[in-house]
Amino acid sequence: MSIQVFGQAVSRGIAIGRAVLIASSRVDVAHYYIDESRVEPEIDRLRQARDVVATELTTLKRDLPIEAPAELPALLDVHLMLLHDEALTGATKQWIRSRHYNAEWALSAQLEVMARQFDEMDDEYLRERKADLEQVVERMLRALSRAGPLLPASAGVHGTEDPLVLIANDIAPADMLQFKGSVFSGFVTDVGGKTSHSAIVARSMDIPAVVGAREASRLIRQDDWIVIDGDAGVVVVDPSPIVLEEYRFRQRQSELERARLHRLRHMPSVTLDGETVELLANIELPRDAVVAVDSGAVGVGLFRSEFLFMNRGGELPSEDEQFEAYRGVVEAMHGLPVTIRTVDIGADKPLDRLTIHELRHEYGLNPALGLRAIRWSLAEPAMFRQQLRAILRASAFGTVRVLLPMVAQLSEIRMAREALARAKQQLSEAGHAYKDVELGAMIEVPAAVLIVPSILRELDFVSIGTNDLIQYTLAIDRADEAVAKFYDPWHPAVLQLIARAIDAANCAGKHVSICGEMAGDVAFTELLLAMGLRSFSMQPSQISAVKQRILRADVRRLVPRLPATLASDEPMMEWTRQIHETSGPTVAPAV
């Protein structure tokens with residue numbers, strides 16, 4: 001029976017494919033594909049993990065004290081029975097052979113299948129055995145984690161010709177990076193908001209996605225046919241032939257529209273009245289630089305360096321490793337500017353060694369308000385100087401800027417400058433070449449907006465991070481789907497803060513850009529132009545659509561409409577009305 005699941009649309013387009021479920025677990029589970037030559041070794045890993053757990057359980061049973069309740073050995077017998085049940089281990093091997101999942105992923109997938117079977121049992125006692133199954137699987141996952149994978153992630157291998165879509169309770173940013181360039185044509189998560197990092201990476205991958213779908217991972221089964229409507233935020237499970245054909249038609253239309261926009265990528269970005277607008281790219285990994293150039297970006301406005309620190313088992317990257325990554329981006333941009341943000345660890349981007357729960361315990365109840373971003377860097381001076389040295393060394397190969405995240409105090413900028421000076425001194429002493437780099441700050445805390453004039457006296461440029469600015473202004477956790485409806489980029493306070501920051505930078509003659517998600521949202525393009533913004537940084541996949549809006553915009557006709565919009569209690573409605581009144585016959589660029 002066909003059903004619909006509703007969530008938030010975060011990345012446009014239509015995806016159609018079979019569901020691949022990632023079961024939630026108290027143990028972190030690696031998800032990657034293996035190639036054909038590693039199937040049997042991976043099954044051996046599974047067998048070894050089973051044997052380790054069997055030994056653990058047998059030892060526990062043997063060593064039970066005499067006074068232990070009689071139920072305990074019986075419970076351990078149940079766990080041993082489940083461990084050797086062919087429905088668990090045999091079927092898990094089949095996931096490895098047929099889909100080329102790694103052992104952990106295959107085990108999690110089979111747990112999902114069996115857990116549903118337990119839920120559907122009439123007998124209450126048997127239903128309760130699901131908890132025993134989960135405990136056994138968790139033991140096996142822990143055993144597998146000790147053994148470690150035999151090879152790194154392989155994104156291009158899978159055991160079916162059908163297109164695949166990913167279904168999960170949530171996907172960590174580091175895990176999302178493993179799926180970039182993978183076989184998945186879209187994904188759905190139970191939790192998350194429009195600016196959660198899984199949503200941001202989905203847009204960078206340019207694949208349809210729906211987040212905050214609440215019950216999706218419970219309602220959808222492995223291998224169900226799924227339609228992801230990334231335009232409407234709807235997931236259709238087991239669609240009828242008529243519905244499926246309609247979505248396939250829309251999918252073809254969407255692909256044609258993307259191809260049409262792609263032809264704009266190398267056209268100069270100039271408004272109808274002659275205003276040149278800089279369109280930059282946000283990237284997460286060094287290999288994304290090639291995509292940025294192909295999309296028509298005239299530089300990198302935001303390189304999120306924290307993704308170099310993730311998926312490493314908690315180990316920090318060395319200076320040389322970081323240098324090679326930064327140099328790779330700089331060289332790939334062929335002289336175009338590259339803005340590298342220093343590590344922004346914390347909140348929804350913890351290191352592997354620090355889970356969200358550990359962050360809450362170590363750094364406070366809300367990690368978004370704790371020791372994150374520039375605060376964490378300044379608290380780890382050796383790590384910070386190491387990153388600055390790597391960035392400076394990369395500057396010898398092109399134009400590099402350094403961007404400090406989440407600045408709220410002038411003292412943070414001054415301490416960062418001191419760290420930068422010390423890093424330069426160390427490089428000079430070691431004989432490494434480097435060039436002077438511009439230093440900027442992210443304006444993403446309301447306090448920073450209020451002191452922008454003072455900040456600009458200390459810095460060369462600023463970049464407005466609208467995602468966090470909205471979050472901190474409205475006291476809304478942007479990753480929490482329970483309050484996602486209150487996350488409002490059109491809120492009057494948000495727009496007034498953005499306009500104030502842009503105006504202050506322009507008055508000071510300093511470069512200002514926006515690198516948050518608003519920069520890539522065409523609903524805001526004309527408004528930001530009217531505010532005086534001339535530099536937008538966004539996911540490469542969004543550049544052509546924003547450029548099209550810029551090519552059709554007349555800033556002289558937009559600017560007079562701004563005051564009424566900023567003074568309105570309902571800016572979106574007011575701006576829409578103003579634009580409608582302002583609209584006149586314009587000639588769209590030929591594509």
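One is the number of the first residue; the rest follow in order along the sequence.
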A.B. asks: Supply the atom-to-atom distance Glu526 CD to Leu562 CG, rounded to the nearest 0.5 angstrom.
C.D. replies: 13.0 Å
A.B. asks: Would you give me the side-chain donor-acceptor pairs under 3.5 Å for residues 407-414, sequence neighbours excluded?
C.D. replies:
residue	atom	partner	partner atom	Å
Glu412	OE1	Ala408	N	2.8
Glu412	OE1	Gln409	N	3.1
Arg414	NE	Glu458	OE2	3.2
Arg414	NH2	Glu458	OE2	3.0

A.B. asks: Mark yes or no: Arg327 above the aromatic ring of Phe397, with NZ or CZ under 6.0 Å from the six-membered ring centre and no more than 45 degrees from the axis.
C.D. replies: yes
A.B. asks: Is Arg393 salt-bridged to Glu319, cutoff N-O under 4.0 Å?
C.D. replies: yes
A.B. asks: Look up atom CG in Leu392 and atom CG in Asp436, then write down how far apart they are to the nearest 0.5 Å.
C.D. replies: 8.5 Å
A.B. asks: For Phe524, check ring pair (Phe, Tyr, Trp, His ring centres under 6.0 Å) against everything at least two apart and list the hits.
C.D. replies: Trp490
A.B. asks: Who passes side chain to side chain contact (heavy atoms under 4.5 Å, CB included) against Gln496, sequence neighbours left out?
C.D. replies: Pro492
A.B. asks: Assess the side chains of Arg260 and Gln548: does a donor N or O sit below 3.5 Å from an acceptor N or O?
C.D. replies: yes
A.B. asks: Got a sec: does the CE of Met415 have more than 12 other heavy atoms crowding it under 6.0 Å?
C.D. replies: no
A.B. asks: With Ala232, which residues qualify under side chain to side chain contact (heavy atoms under 4.5 Å, CB included), at least two apart?
C.D. replies: Asp229, Val234
A.B. asks: Checking the side chain of Ser395 only, and the main-chain atoms of Lys435 only, is there a donor and an acceptor separated by less than 3.5 Å?
C.D. replies: yes
A.B. asks: Give a yes or no on whether a salt bridge exists between Arg372 and Asp344, defined as a side-chain N under 4.0 angstrom from a carboxylate O.
C.D. replies: yes
A.B. asks: Which is it for Glu257 and Gln253 under the side-chain hydrogen bond (donor to acceptor under 3.5 Å, both in side chains) test, yes or no, and what are the steps along the way?
C.D. replies: CA-CA 6 Å; Glu257 173 66 12; Gln253 293 296 107; over 6 Å; no
A.B. asks: Listed by chain and number, what are the side chain to side chain contact (heavy atoms under 4.5 Å, CB included) partners of Val522, not counting sequence neighbours?
C.D. replies: Thr525, Ala545, Val546, Arg549
A.B. asks: Can you see which heavy atom on Leu551 is nearest to which on Val270, and at what distance?
C.D. replies: CD2-O, 3.4 Å
A.B. asks: Indicate yes or no: does Glu278 engage Arg534 in a salt bridge with an N to O separation below 4.0 Å.
C.D. replies: no
A.B. asks: According to salt bridge (Lys or Arg N to Asp or Glu O under 4.0 Å), does anything in residues 438-454 pair up with another residue at least two apart or in another chain? List the pairs.
C.D. replies: Arg401-Glu438
